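Please read the structure below before turning to the comments.
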Amino acid sequence: MSTPTKGNDEDAKKVVDLFRDIFGYHPGFRAVHAKGILLRGTFNPTSEASSLSTAPHFRRRSTSVIARLSNSGGVPTQLDADPANNQNGLALRFLLSSFPRREKTDIATVSTPFFPAGNVPDVIGFFRALAAKKVEEFIRTHPAAAAFINAPKPFPSSFATQQFFSINAFKLVGKDHKVTYIRYRIVPKDGVFHLDEKEAASKPPNYLYDELVKKLETGPIEYELLAQIAETGDVTDDCTVHWPETRKLVKLGVVTLESILPNSDEEQKDLEFFDPVPKVEGIEPSGDPLIDLRSVAYRFSGADR
Ligand code: HEM
């Protein structure tokens, strides 16, 4: 289990402060992914999942989940098709037990596989450049940041047609202590459908959330939880180094989102932050330094709600 360091505390605080410089300070809301909605549902694993990891939610027939779908920016009133903030988030909490001890583990994913930086100094450098409106200058000397800025980030037609990536790698440990490095993907059962620019520009401010409410009246939304499997030699501690698309994808299970949580707006303020550090046997961080940095940053941001 990884322990946050003092260095991480200072660095994470710096990044959260930079988010507030970029998006403004909105008390009661997340520093980023400020606009979102909480749902409840279930996770049903495949048999492949339990052969890769001893994690309880991969061994049980069914586990309750809480999910939060979000927009990526730090402004709670952000338009869903705002070109300045065109990413979505999907955070999942697997509720493993409530007694005698509350046990849970989380996955937080976003809708592009790109992240602008693979180490702590570059994360700070990127968001500092963004806050100072000097990104153009920064990307000239930072190819990963350039790849992130230039990556297409189309708006989805619906949350139910958006796909999501953990970006960071994780280490799955099986019964025989066999280690497999993976990156999660969450893929909608309805297929991936995006809007073109003209369609996006014509959408109402909250089109994703309005559509979600209507869609859930007709039935649940389903996503497949997949693991992209690393091969020997693949980089697992730098999320800007992508693994070839030919890497095997293993289906770990199906996430079914059934309903919006009553009092979602209040509940998402009270909810303990989604922690990128795994909290169960059978899943460990990969050595990617951003996992700890994220965990501490989420704690700082969450402490302010
Ligand atoms: C590397 C890939 C990353 C992914 C996939 C990711 C994903 C997410 C998601 C889905 C959320 C929303 C959680 C929720 O709904 O409550 C979130 C929130 C957040 N992220 Fe990230 N993130 C990444 C990197 C980072 C980094 C490097 C930082 C800063 C060091 C960061 C800082 C934050 C903060 C402060 C929040 C708000 C947490 C809260 O207040 O609960 N993220 N992220």
Side-chain angles (χ1 to χ4, degrees), residues 4 7-23 25-39 65-76 78 85 87-93 104 106-128 130-131 144-145 148 151 153 159 162-170 183-186 236-242 261 264-265 267-277 285-286 288-305:
N8 252 340
D9 270 27
E10 281 162 15
D11 294 336
K13 190 165 183 325
K14 219 175 274 171
V15 181
V16 172
D17 286 344
L18 286 168
F19 288 152
R20 292 187 171 140
D21 290 346
I22 297 164
F23 297 109
Y25 177 42
H26 304 279
F29 292 90
R30 286 158 175 78
V32 286
H33 295 265
K35 181 177 179 181
I37 194 162
L38 281 180
L39 300 103
V65 297
I66 299 279
R68 185 170 182 269
L69 283 160
S70 59
N71 298 9
S72 61
V75 179
Q78 179 195 334
N85 293 301
Q87 273 201 75
N88 299 115
L90 170 54
L92 286 177
R93 170 156 300 164
K104 58 179 173 54
D106 303 334
I107 300 176
T109 60
V110 284
S111 55
T112 166
F114 290 85
F115 197 71
N119 57 61
V120 176
D122 282 356
V123 170
I124 295 171
F126 176 78
F127 288 111
R128 190 171 278 149
L130 207 60
F148 168 79
K153 302 177 200 75
F159 273 129
Q162 183 64 292
Q163 60 185 338
F164 299 92
F165 303 85
S166 71
I167 306 184
N168 301 125
F170 293 88
R183 284 175 175 153
Y184 293 109
R185 289 187 184 191
I186 303 179
T236 54
D237 61 358
D238 180 343
C239 68
T240 65
V241 182
H242 290 215
L261 234 67
S264 166
D265 285 352
E267 292 276 344
Q268 58 184 318
K269 286 186 184 168
D270 294 343
L271 194 81
E272 193 186 322
F273 66 93
F274 287 94
D275 195 341
V277 174
S286 57
D288 182 332
L290 264 52
I291 298 174
D292 268 350
L293 179 74
R294 287 176 64 188
S295 179
V296 185
Y298 293 22
R299 175 160 54 80
F300 277 133
S301 165
D304 223 9
R305 288 201 279 281

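Note that the coordinates shown come from a computational prediction; the quantities given were computed from them, not determined experimentally. All values below were derived from every heavy atom in this structure, side-chain atoms included, with hydrogens, water molecules and symmetry-related copies excluded. Read the numbers this way: they start at 1 and go in the same order the structure lists the ligands and their atoms.
Asp265 meets the salt bridge (charged side-chain N to carboxylate O under 4.0 Å, His left out) test with no other residue; sequence neighbours excluded. Under the rule for a side-chain hydrogen bond (donor to acceptor under 3.5 Å, both in side chains), the partners of Lys13 that lie at least two apart in sequence or sit in another chain are Asp17. With sequence neighbours left out, Asp275 forms a side-chain hydrogen bond (donor to acceptor under 3.5 Å, both in side chains) with Lys279, Ser295.
Interatomic distance, CD1 of Ile167 versus NE2 of His242, reported as 7.5 Å (0.5 Å rounding). Considering OG1 of Thr112 and CG of Asn88, their distance stands at 11.0 Å, rounded to 0.5 Å.
Relative to atom 13 (C) of ligand 1, the option among Gly118, Ala91, Ser111, Ser295 with the closest non-hydrogen atom is Ala91.
Note on ligand 1: Phe19 sits in its first shell, one or more heavy atoms being nearer than 4.0 Å. Heavy atoms of Gln268 stay at 4.0 angstrom or farther from ligand 1. Note on ligand 1: Gly302 sits in its first shell, one or more heavy atoms being nearer than 4.0 Å. For the ligand labelled ligand 1, residue Gly36 lies outside the 4.0 Å heavy-atom shell.
Using a cutoff of 4.0 Å between basic side-chain nitrogens and carboxylate oxygens, Arg30 and Asp304 are not scored as salt-bridged. Looking at Glu272 and Arg93, no side-chain N of the basic residue comes within less than 4.0 Å of a carboxylate O on the acidic one, giving no salt bridge.
In terms of polar-atom proximity, defined here as any N/O pair under 3.5 Å, Arg68 does make such a contact with ligand 1. Considering backbone and side-chain N/O of Arg30, one or more are found under 3.5 Å from N/O of ligand 1.
The side-chain tip of Lys153 points at the ring of Phe148 from less than 6.0 angstrom away and within 45° of straight on.
Counting only protein N, O or S atoms closer than 2.8 Å to atom 21 (Fe) of ligand 1 gives 1.
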